[in-house]
Amino acid sequence: MPAPVNPTSGNLQSLEAAALQLLHVVRQMGDSSFSANNFQPEGSLPHSPVTIAELFNEFLLSKSRAGRSANYCGLLLKELRSFATGRERRPAASISAREVETWLHSQGWSGRTMRGRLLTLRNVLSWGVKRGELVCNVALGVDLPTDDNAGAPPGIHTPEQVRTVLETARRLDLDVMRCLAIRYFAGLRTSEAVALEEKEIKGKFIEVTATKAKTRRRRLVPIKPVLSAWLALGGSLPLTQVNNRLAAITTTCGVPWPHNACRHSFVTYHLARWQNAGKTALEAGHTEAMLFAHYREIVTPAAAKAFWNVFPAGSSLSTAASRRRG
């Protein structure tokens, strides 16, 4: 995956090169439908008044220069593309609040997705105001849609569903199995897990480096016996073509897949098993307040014990766990 632009190198990429770099990221994420011309019109570099394409390109390039990860920039690119398509050459100052609102409610998105898209567009336009490219942020005139998932408990998998998912991946794709096991039993975010390299799995710990952590803070996550057993089965990281390969597993296994199910499961069962919010938050890489606000479902101690005993079928530890349950 290409590294972010280094502002100290003295040789910053052009906007077109930055757009192509981000295009490569999106293609690595399994989306090859985007054309670099969507954000970078042919011709000269940005001029006044700035076009929508130029403003979005400059915003993405600034994030790359600031050291944001390629995965983060790629996700921004995908979010901004839906608004930019068909508007690339228009002056950014011609955007109206009514236009943003109409676009937002015409896509068939959930309330949660609409909120995310609107917040991203607000950030870009606020950045344009700070840079002197725009007079005001018209997206602030659009009310944030209600999150239709607000207040709902986080979606988690039962221990038996976890077993079904991992055994399906074990049969079909060991690399995906390895990545999913790390997400379930070490709590890594999706972006952290897919970027993880074998050299960062170190003995009894997984190192999440500062450059790959969402919080930009390095952390060490203990490898518990259940995770060690799944890792011993093989596979290799980093994982490529993530979306397509994961979809093949989730479709085949037949297990429902709530948003962020692996990480929600880790936090829920970790807290229920060890009853230590500080320890859970530390391993997950967020605050205790975030843990209780967004990640915790209520499960029984028995379910938590069963989760941390989801050893691979046929292993000696799996047999021992089955005897204890009997």
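Because the structure is predicted, anything quoted here is derived from the model rather than measured.
- A salt bridge between Glu200 and Arg218 is absent, with no side-chain N of the basic residue lying under 4.0 Å from a carboxylate O of the acidic one.
- In summary, the aromatic rings of Phe307 and Phe185 are positioned with their centroids under 6.0 Å apart.
- Taking the charged nitrogens against the carboxylate oxygens, Arg219 and Glu192 do have a contact shorter than 4.0 Å, which makes a salt bridge.
- Counting non-hydrogen atoms of other residues, nucleotides and ligands closer than 6.0 Å to CZ of Arg90 gives a total above 12.
- Between Trp308 and Trp274, the angle of the ring planes goes over 60°, which puts this pair in the perpendicular group of the 30/60° scheme.
- Note on ring orientation: taking the six-membered ring where Trp is involved, the planes of Trp103 and Phe83 are perpendicular (angle over 60°, cut-offs 30° and 60°).
- The nearest pair of heavy atoms linking Leu118 to Leu144 is CD2-CD2, 3.8 Å.
- A salt bridge links Arg178 with Glu198: at least one charged nitrogen is closer than 4.0 Å to a carboxylate oxygen.
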Identify each donor-acceptor pair in which a side-chain atom of residues 224-233 lies under 3.5 Å from a protein atom, sequence neighbours left out, and give them as a table.
{"unit_1": "Lys224", "atom_1": "NZ", "unit_2": "Glu283", "atom_2": "OE1", "d": "3.0"}
{"unit_1": "Trp230", "atom_1": "NE1", "unit_2": "Val310", "atom_2": "O", "d": "2.7"}

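- Applying the salt bridge (Lys or Arg N to Asp or Glu O under 4.0 Å) criterion to Arg87, with sequence neighbours excluded, gives Glu99.
- Residues satisfying the salt bridge (Lys or Arg N to Asp or Glu O under 4.0 Å) criterion with Glu101, sequence neighbours excluded, are absent altogether.
- The backbone N or O of Ile249 lies less than 3.5 Å from no partner atom in the side chain of Thr252, so there is not a single donor-acceptor pair.
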